[in-house]
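Here the structure is a predicted model, which means the values were calculated and not measured. The figures that follow rest on heavy atoms only: side chains count, while hydrogens, waters and symmetry mates do not.
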Amino acid sequence: MSTPFPFTAVVGQEDLRLALLLNAVSPAVGGVLVRGEKGTAKSTAVRALSVLLPEVAVVPGCRFSCDPAAPDPSCPDGPHEAGNGGMRPSRMVELPVGASEDRLVGALDIERALAEGVKAFEPGLLADAHRGILYVDEVNLLHDHLVDLLLDAAAMGASYVEREGVSVRHASKFLLVGTMNPEEGELRPQLLDRFGLTVEVAASREPDQRVEVVRRRLAYDDDPAGFAARWADEERAVRQRIVAARELLPSVRLGDGALRQIAATCAAFEVDGMRADIVMARTATALAAWAGRTDVLAEDVRQAALLALPHRRRRNPFDAPGLDEDKLDETLEEFSGEGDEDPDPDGPGGGGGQPPSGTQDDGPQADGDSGAQPEAGDGGEPQVSGAGAGEQPAARASEPFRTKVLSVPGLGDGAAGRRSRARTEHGRTTGARRPRGALTKLHLAATVQAAAPHQRARGRTGRGLVVRRDDLRQATREGREGNLVLFVVDASGSMAARQRMSAVKGAVLSLLLDAYQRRDKVGLVTFRGSAAEVALPPTSSVDAAAARLETLPTGGRTPLAAGLLRAHEVLRVERLRDPARRALVVVVTDGRATGGPEPVALAGRAARLFAADGVASVVVDCESGPVRLGLAGQLAGELDGTAVTLDELRADSIAGLVKDVQRRAA
């Protein structure tokens, strides 16, 4: 087993280390979501935490880690008698992004279940993580069906495996820790709310701290065991402090004054539901215990709010997470002094928000580069760089609206999502086939039908059905897939009227919001002046696309052909990377083409490339005014797609659009 990087040797990242330690003190806090750029010690800190957790008592031989003091009465390895058990280290179980459903929840031997009525069950990762840590790196890339299973287990504290009337249940209570890079996409709101705390991490810009990061990392890589030995005393001190805080936790008093501050803060920031209030209360209590106090102070409530509320106040994926600290302080001040008197904050055990001693002044641990800088200034109009002739400042987008579904015709095999029809592991059953590899979804009727003619030849004498491997049939199912929605946006001078461009950006923003909800990848190609550029390569981060759209300047000629050719190249490259994911091209333009020789004919030839490849497309016609040339409609014809005006894009105006897209593609 490799030696993990010591937790106390992680440089800086006070909020990250504090959030992890509070969950170690009180697992009821509900886990941690770590958001940040690449190379900021997210995974390093999480893996290091497991070494600090106290050992747990388990029933000897139980694969489900039952507590000997209160064994699970429905444990598949039970029943267990209450009594003495053995001790083992706390586990940290990693859930790979590409894991199968059976690997997560466990697998049932369907053949033995049908033929013998035996619950032959192989536990999955949810069983391994019981009473430990379940860690998901890149949690925002986790497939929807795995997210659903995680939500169920986290809500009920148990995992259920159901296969054609045969069921297995076992306890599964774990500390959920996830890390993610927001550039790669956001989390579903339901899963986001399941994380008790969230922290934002970034690499330090201080040279001295970065030097210390590199020094420690190189020392660890050269001699992991020796490096860990040099930090053994600090690790032992933190482990003892966790144990002491756990013992003190039941004695911590959460007074009425602190409770009113918690309730007032959650109400002031308009968070949904009551989970935020409960998490804040548990976090404030854990902060007091970590500081060695038995009373919750206002500083504990403030720190709890900074950790528990930022990810709960987002209203859409384009809202930046965060908390207005001035508003937080005003709310706490308004409700201070109500209820119980706070003890002296300078007394023994003060400073609940401090990380382990000896590392407060260090910078963040980094493994690589520090990520990209934001592209727009704070407040006011977004900043525009590289201004060219005829360029106009970026216009703000109008309010987004709900759109109807634009889907790709036919039946795909892409990643699970919510846009177009596809053959998937989940959805309605449409037929049966012989399994390729392990059986995951049994088609019971087809299996019985295949086995029935052979019962006499197989010597059946009892009531049970004699089933062989060749009889088993896999259910084929139809669900929905996510697509690549590639936006090709005209930013030329003919689109440059601020009111008009504001409406165009609002329409694209609405489609981006729809893409987020339907689990699509998105890309953004813009064209203006004399060329086209890929403003955003295909990504799962729709908020990154929205940020690029916000700062998009306009002006110059209309190189429509260049935009279409650049989009065609993007699709070609993406098809090599992910051949199963089908594309939907959304061209936002008034259809004009200027610049260069024969711009209209060249644009037509470029459009016919998409038609030849069978790419589904929609042209959003942005032409306005009393006299309209209908150029966008002609472009849609060349693409073999559908044209729709900005007004028709709204959900209540385009009821026939999807049917029209499918009719043209048939």
Side-chain angles (χ1 to χ4, degrees), residues 4-5 10 13 16 19-20 23 31-50 92-101 103-105 124-126 128-129 133-151 153-154 174-203 310-311 314 317 321 364-372 414-417 482 484 515-516 518-523 536-545 574 577-578 580-581:
F5 193 94
V10 173
Q13 306 293 24
L16 169 59
L20 292 171
N23 277 274
V32 186
L33 174 64
V34 187
R35 298 166 47 93
E37 58 197 27
K38 50 189 176 293
T40 47
K42 301 187 297 293
S43 301
T44 298
V46 173
R47 293 188 176 101
L49 176 68
S50 61
M92 190 193 75
V93 177
E94 294 194 42
L95 171 60
V97 169
S100 66
E101 179 181 335
R103 184 70 187 97
L104 178 61
V105 301
L125 296 177
L126 290 179
D128 294 340
I133 300 174
L134 181 62
Y135 171 50
V136 189
D137 193 14
E138 305 294 351
V139 63
N140 51 323
L141 303 182
L142 203 62
H143 288 304
D144 271 6
H145 67 284
L146 298 183
V147 170
D148 293 337
L149 294 170
L150 273 183
L151 289 173
F174 48 83
L175 177 61
L176 182 61
V177 180
T179 56
M180 60 174 284
N181 184 345
E183 293 177 356
E184 297 173 334
E186 288 293 342
L187 275 177
R188 284 173 56 180
Q190 295 93 330
L191 183 57
L192 190 64
D193 191 50
R194 283 294 173 187
F195 287 98
L197 311 179
T198 185
V199 291
E200 296 276 343
V201 295
H311 61 301
R314 301 185 73 188
Q365 170 76 23
D367 298 330
D369 21 297
S370 57
L484 166 60
Y516 165 77
R518 300 189 186 282
R519 314 289 179 260
D520 294 316
K521 291 180 71 174
V522 297
L536 183 71
T539 176
S540 297
S541 179
V542 295
D543 50 343
E574 193 64 20
R577 293 174 178 169
D578 189 359
R581 187 181 291 270

_Tell me the closest heavy-atom pair linking A48 and F5, and the distance in Å._
CB-O, 3.0 Å
*asked:* On a heavy-atom basis, which atom in L125 and which in P96 lie closest, and how many Å separate them?
replied: CD1-CD, 4.1 Å
*What are the two closest heavy atoms between L95 and L104, and how far apart are they?*
CD1-CD1, 3.9 Å
*What is the distance from atom CG of D137 to atom CG of L142, rounded to the nearest 0.5 Å?*
11.0 Å
*Point-to-point distance, once rounded to the nearest 0.5 Å, from CD of E574 to CG of L484*: 5.5 Å
_Nearest non-hydrogen partners of E138 and N181, listed with the distance_ = OE1-N, 4.0 Å
_To check you understand the geometry: which heavy-atom pair defines the closest contact between A19 and V199, and what is its length?_
CB-CG1, 3.9 Å
*Rounded to the nearest 0.5 Å, what's the gap from CG on L16 to OG1 on T198? Could you check?*
10.5 Å
_Distance check, rounded to the nearest 0.5 Å: D520 atom CG versus T539 atom OG1?_
12.0 Å
*Taking atom CD of E200 and atom CD of Q13, what is their separation to the nearest 0.5 Å?*
11.0 Å
_Option from N23, V46, L197 for which side chain to side chain contact (heavy atoms under 4.5 Å, CB included) with V177 holds_ = V46
_Flag, side chain of H311 to backbone of F195, donor-acceptor distance under 3.5 Å_ = yes
*asked:* Can you give me the closest heavy-atom contact between R581 and A415, atom names plus distance?
replied: NH2-CB, 3.6 Å
*With S541 via side chain to side chain donor-acceptor pair (under 3.5 Å) - residues at least two apart*: D543
_Any heavy-atom pair between the side chains of Y135 and T179 that's under 4.5 Å?_
yes
*First locate atom CG of L126, then atom CG of L150, and finally report the distance between them rounded to the nearest 0.5 Å.*
6.5 Å
*Would you please test M92 and L49 for side-chain contact (heavy atoms from CB on, under 4.5 Å) and show each step?*
CA-CA 9 Å; M92 190 193 75; L49 176 68; over 6 Å; no
_Side chains of L175 and S50 in contact at under 4.5 Å (non-hydrogen atoms)_ = no
